**Student:** 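Let me give you the structure first, and then I'll get to my questions.
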Amino acid sequence: MSEQLSRKLGYVFNNPHLLKVALTHRSNNEENNERMEFFGDSIVNMIIAEALYNQFPRAHEGDLSRWRATLINRETLGELGRQFELGHYLHLGLGELKSGGAERPSILSCAMEAIIAAIYLDGGFNATRECILRWYKPLLTTLSAAPTHKDPKTQLQEYLQSRHFPLPIYDVISVEGEAHNQVFVVNCIVQETKMTGKGTSRRRAEQEAAANMLEVIKK
């Protein structure tokens with residue numbers, strides 16, 4: 001099983017035990033991936049920050065920070081975990097298995113950070129950097145096509161502030177589905193106007209609602 005995952009990750013471990021620990025949730029064993037998750041978070045932030053710094057030599061700090069936040073969050077790392085089918089390899093406690101933890105974005109994203117730490121501990125910085133840049137290449141390429149790349153919530157807030165309008169209010173209307181497959185429905189309210197957005201997280205639902213609001217108020 002670990003060999004299959006190594007092929008998907010594009011990295012062969014000299015010490016397979018590191019990968020096993022990285023895949024072990026705290027619900028399963030005392031020797032789990034929480035410490036690796038902490039370490040991996042710092043590593044991926046540093047490598048992506050370096051990549052953005054080099055890719056956008058004229059970008060301001062604010063743009064670089066927004067890009068990094070777009071690339072490193074629970075949704076993006078969780079999606080990477082799904083691409084590698086991490087759910088098949090995770091070591092979870094019985095309760096997490098029954099509740100669908102193998103597909104939960106929070107667990108997948110933490111496991112990805114732990115795997116990053118495991119690669120660093122096993123092969124060093126250069127090996128880790130090579131893996132992360134390869135995994136993130138499609139997303140980094142997308143950024144190059146959108147120089148401003150401000151998310152809809154930021155665009156909406158700046159648009160309203162520039163015209164001295166009240167800031168938007170976001171209201172969660174409902175949360176549907178199982179714990180591991182939820183759909184959030186959120187209203188974005190600006191004065192008397194209300195627009196709705198849906199997403200697999202509250203953040204995504206708010207972004208869609210903000211995008212819908214921008215379309216309306218700019219007409």
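Everything numeric in this text was worked out from a predicted model, so none of it was measured. Nothing fancy with the numbering, it's 1 onward along the sequence.
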**Student:** For Cys188 and Asp171, what are the C-alpha separation, side-chain angles and deciding distance, and is it a side-chain contact (heavy atoms from CB on, under 4.5 Å)?
**Tutor:** CA-CA 7 Å; Cys188 174; Asp171 185 21; over 6 Å; no
**Student:** Check the hydrophobic clustering (I, L, V, M, F, W, Y; side-chain heavy atoms under 4.5 Å; chains of links allowed) and say if Val183 and Val175 are grouped together.
**Tutor:**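 Different clusters: Val183 never reaches Val175 through Ile, Leu, Val, Met, Phe, Trp or Tyr contacts under 4.5 Å.
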**Student:** Is there a path of hydrophobic side-chain contacts, each under 4.5 Å between heavy atoms, that joins Tyr53 and Leu71?
**Tutor:** no
**Student:** With distance as the sole test, does Arg104 use its side chain to make a donor-acceptor pair with the main-chain N or O of Ser99 at under 3.5 Å?
**Tutor:** yes
**Student:** What residues, two or more places apart in sequence or in another chain, satisfy side-chain hydrogen bond (donor to acceptor under 3.5 Å, both in side chains) together with Thr154?
**Tutor:**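 Listed in chain order: Asp151.
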**Student:** Angle class for the Trp67/Phe56 ring planes (parallel below 30°, perpendicular above 60°, tilted otherwise)?
**Tutor:**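 The rings of Trp67 and Phe56 lie parallel, inter-plane angle below 30°.
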**Student:** Does a side-chain heavy-atom distance below 4.5 Å link Glu208 with Pro152?
**Tutor:** no
**Student:** Are Val12 and Leu121 in one and the same hydrophobic cluster, where Ile, Leu, Val, Met, Phe, Trp and Tyr link if side-chain heavy atoms are under 4.5 Å apart?
**Tutor:** no
**Student:** For Phe125, is the CZ atom crowded, meaning more than 12 foreign heavy atoms sit under 6.0 Å from it?
**Tutor:** yes
**Student:** Mind listing the closest non-hydrogen atom pair of Pro166 and Leu160 along with its distance?
**Tutor:**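 Taking every non-hydrogen atom into account, O-CD1, 3.5 Å.
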**Student:** What distance do Ile48 atom CD1 and Thr70 atom OG1 have between them, rounded to the nearest 0.5 Å?
**Tutor:** 11.5 Å
**Student:** Can you list the residues that meet the side chain to side chain contact (heavy atoms under 4.5 Å, CB included) rule with Leu167, with sequence neighbours excluded?
**Tutor:**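 Per chain and number, Leu167 pairs via side chain to side chain contact (heavy atoms under 4.5 Å, CB included) with Gln157, Gln161.
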**Student:** With side chains defined as the heavy atoms from C-beta onward, is the minimum distance between Leu214 and Met195 less than 4.5 Å?
**Tutor:**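 No, their side chains stay 4.5 Å or more apart.
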**Student:** What closest approach, in Å, do Ala111 and Asn33 show between heavy atoms, and which atom pair accounts for it?
**Tutor:** CA-ND2, 4.1 Å
**Student:** Verify the cluster assignment for Leu156 and Val172: are they in a single hydrophobic cluster under the rule of side-chain heavy atoms below 4.5 Å apart?
**Tutor:** yes
**Student:** Are there more than 12 heavy atoms of other residues, nucleotides or ligands under 6.0 Å from atom CD of Glu79?
**Tutor:**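 Enclosed.
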**Student:** Side chains of Ile115 and Ile119, heavy atoms from C-beta outward: is any pair under 4.5 Å?
**Tutor:** yes
**Student:** Would you say the side chain of Leu140 lies within less than 4.5 Å of the side chain of Leu52, judging by non-hydrogen atoms?
**Tutor:**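 When only atoms from C-beta onward are counted, Leu140 and Leu52 do touch, with a gap below 4.5 Å.
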**Student:** Does Arg203 form a side-chain contact (heavy atoms from CB on, under 4.5 Å) with Glu75? I'd like the steps, not just the answer.
**Tutor:** CA-CA 9 Å; Arg203 177 177 172 275; Glu75 287 78 16; 4.0 Å; yes
**Student:** Quick one: does any side-chain atom of Asn32 pair with a main-chain N or O of Asn29 as donor and acceptor, under 3.5 Å?
**Tutor:** yes
**Student:** With sequence neighbours excluded, what pairs up with Tyr11 under the ring-ring contact (aromatic ring centres under 6.0 Å, His included) test?
**Tutor:** Phe13
**Student:** Nearest heavy-atom pair of Gly87 and Glu103: which atoms, and what distance?
**Tutor:**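 Reported closest heavy-atom pair: CA-OE2, 4.1 Å.
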**Student:** What distance separates Glu215 CD from Lys218 NZ, expressed to the nearest 0.5 Å?
**Tutor:**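 If we round to the nearest 0.5 Å, Glu215:CD and Lys218:NZ are 9.5 Å apart.
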**Student:** Roughly how far, to the nearest 0.5 Å, is CZ of Arg202 from OH of Tyr170?
**Tutor:**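 Here the interatomic distance stands at 11.0 Å.
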**Student:** If I take atom CG from residue Leu86 and atom CD1 from residue Ile107, how far apart are they, to the nearest 0.5 angstrom?
**Tutor:** 11.5 Å
**Student:** Between Glu206 and Lys153 (salt bridge meaning N to carboxylate O under 4.0 Å), is one present in this structure?
**Tutor:**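 Looking at Glu206 and Lys153, the cut-off is met.
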**Student:** Please collect all salt bridge (Lys or Arg N to Asp or Glu O under 4.0 Å) contacts where either partner lies in residues 30-51, sequence neighbours excluded, each pair once.
**Tutor:** Arg26-Glu34, Glu50-Arg129
**Student:** If you look at every heavy atom in Ala127 and Gly123, which pair is closest and at what distance?
**Tutor:** CB-O, 3.8 Å
**Student:** Do Leu108 and Leu90 have side chains that get closer than 4.5 Å, going by heavy atoms?
**Tutor:**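 Yes, close enough: below the 4.5 Å cut-off.
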**Student:** Grouping I, L, V, M, F, W and Y whenever their side-chain heavy atoms are under 4.5 Å apart, do Leu133 and Met46 come out in a common cluster?
**Tutor:**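 Looking at the clustering, Met46 is in the same group as Leu133.
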**Student:** Does the side chain of Trp135 come within less than 4.5 Å of Leu9's, by heavy atoms?
**Tutor:**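 Yes, side chains in contact.
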**Student:** Quick one: does Thr24's side chain get under 4.5 Å of Leu92's, heavy atoms only?
**Tutor:**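 No. Closest side-chain heavy atoms not under 4.5 Å.
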**Student:** Less than 4.5 Å apart, any side-chain heavy atom of Lys20 and any of Tyr89?
**Tutor:** no
**Student:** Does the side-chain contact (heavy atoms from CB on, under 4.5 Å) test come out yes or no for Leu80 and Gln83, once each step is laid out?
**Tutor:** CA-CA 5 Å; Leu80 274 177; Gln83 291 176 21; 4.0 Å; yes
**Student:** Which pairs count as salt bridge (Lys or Arg N to Asp or Glu O under 4.0 Å) when at least one residue sits in residues 112-125, sequence neighbours excluded?
**Tutor:** none
**Student:** Give the C-alpha distance, both sets of side-chain angles, the deciding distance and a yes or no for side chain to side chain donor-acceptor pair (under 3.5 Å) between Glu96 and Ser27.
**Tutor:** CA-CA 7 Å; Glu96 287 293 351; Ser27 63; 5.1 Å; no
**Student:** Assess whether a salt bridge exists between Glu85 and Lys8, defined as any Lys/Arg side-chain N lying under 4.0 Å from an Asp/Glu carboxylate O.
**Tutor:** yes
**Student:** As an exercise, state the distance from CG of Leu23 to CE of Met112, rounded to the nearest 0.5 Å.
**Tutor:**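 One finds 10.0 Å between CG of Leu23 and CE of Met112.
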**Student:** Can you spot which of Ile72, Thr128, Ile116 makes a side-chain contact (heavy atoms from CB on, under 4.5 Å) with Ile47?
**Tutor:** Thr128
**Student:** Can you list the other members of the hydrophobic cluster that holds Ile189, where links are side-chain heavy atoms under 4.5 angstrom apart?
**Tutor:**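 Joined to Ile189, directly or through intermediates: Ile169.
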**Student:** Between Thr76 and Leu139, is the side-chain contact (heavy atoms from CB on, under 4.5 Å) condition met? List the steps.
**Tutor:** CA-CA 10 Å; Thr76 305; Leu139 293 174; 3.6 Å; yes
**Student:** In Å, rounded to the nearest 0.5 Å, how long is the span from CZ of Arg68 to CG of Asn73?
**Tutor:**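 Rounded to the nearest 0.5 Å, the CZ-CG separation comes to 12.0 Å.
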**Student:** Begin with the C-alpha distance, continue with both residues' side-chain angles, and end with the deciding distance and a verdict on side chain to side chain donor-acceptor pair (under 3.5 Å) for Asn45 and Ser42.
**Tutor:** CA-CA 5 Å; Asn45 268 281; Ser42 298; over 6 Å; no
**Student:** Please report the shortest heavy-atom distance between Gly177 and Gln182, naming the atom on each side.
**Tutor:**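 It is O-CG, 4.2 Å.
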**Student:** Do you know which two heavy atoms are closest between Gly199 and Arg204, and how far apart they sit?
**Tutor:**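 For Gly199 versus Arg204, the nearest heavy atoms are CA-CB, 4.2 Å.
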